[in-house]
Amino acid sequence: MERITPTREMAMELLREYNQNENLIKHALAVEGVMVHFAELFGEDKEKWGIIGLIHDLDYEKYPDEHCIKAREILEERGWPEDYIHAVQSHGWGICTDVEPTERMEKVLYTIDELTGLITATVLMRPSRSVMDLTVKSVKKKWKQKSFAAGVNREIIEKGAEILGMEINQVIEETIKGMQKVAEEIGLRGETEE
Ligand SMILES: [Fe+2]
Ligand SMILES: [Fe+2]
């Protein structure tokens, strides 16, 4: 089959086609921002890492029970390359797929997906509602409160950091930085909020 070379524009269009929920769009943009930041950090392909971040939950709104499974179907149908599809599926390793993250890009995605959720929840609790001055310490504090953002699986983040070979604090620090770069788009810039 003819395979395409995905562009950011294509990914955004596809994401919009399958998602109406603005919170899910913001989550996709947050993960994209963090993926781009980590690609920069490691001197890797920013565009590719960003696109995979943007598209990783493509099927979640419409097919929550077939998450990561439908995504393969949709992306295959559109002629997306196998390495993109593998990366998307691997973020659900042990949750909705048995596709293990093997590439560094996949390990980063696996690690930061849940973490962006914890950071967003932490920011929304702050009076400033801004990620711009958020510290690792504040996130760690919320991390330890099991009842806070209880849906965020801390063990996955820990496991991800381990396979990535990074300290958890460093992962949190870089994830905050990545989210700061797209703070406006994900509604976490505080002062611009109504
Ligand atoms: Fe997901
Ligand atoms: Fe996600």
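Counting starts at 1 for both ligands and their atoms, in listed order. Along the sequence shown, the residues carry numbers beginning at 1.
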message: Closer than 2.8 Å to the Fe ion (ligand 1): does that hold for any N, O or S atom in H67?
response: yes
- request: Could you tell me whether the Fe ion (ligand 1) has an N, O or S atom of D57 under 2.8 Å away?
  value: yes
message: Taking Y18 as the starting point, is it possible to reach M10 by hopping between hydrophobic residues whose side chains are less than 4.5 Å apart?
response: yes
- request: Starting from the Fe ion (ligand 2), look over the N/O/S atoms of H56 and name the nearest one.
  value: NE2
Residue D113 atom name (nearest to the Fe ion (ligand 2); N/O/S): OD1
field: Within 6.0 angstrom of K62 NZ, more than 12 heavy atoms from elsewhere
entry: yes
- prompt: Would you find more than 12 non-hydrogen atoms of other residues, nucleotides or ligands less than 6.0 Å from M132 atom CE?
  reply: yes
- prompt: When the ring planes of F42 and F38 are compared, do they come out parallel, tilted or perpendicular, using 30° and 60° as the limits?
  reply: tilted
- line: The atom name of the N, O or S atom in H91 nearest to the Fe ion (ligand 1) is NE2
message: With rounding to the nearest 0.5 angstrom, report the CD to CD1 distance, E73 to I69.
response: 9.0 Å
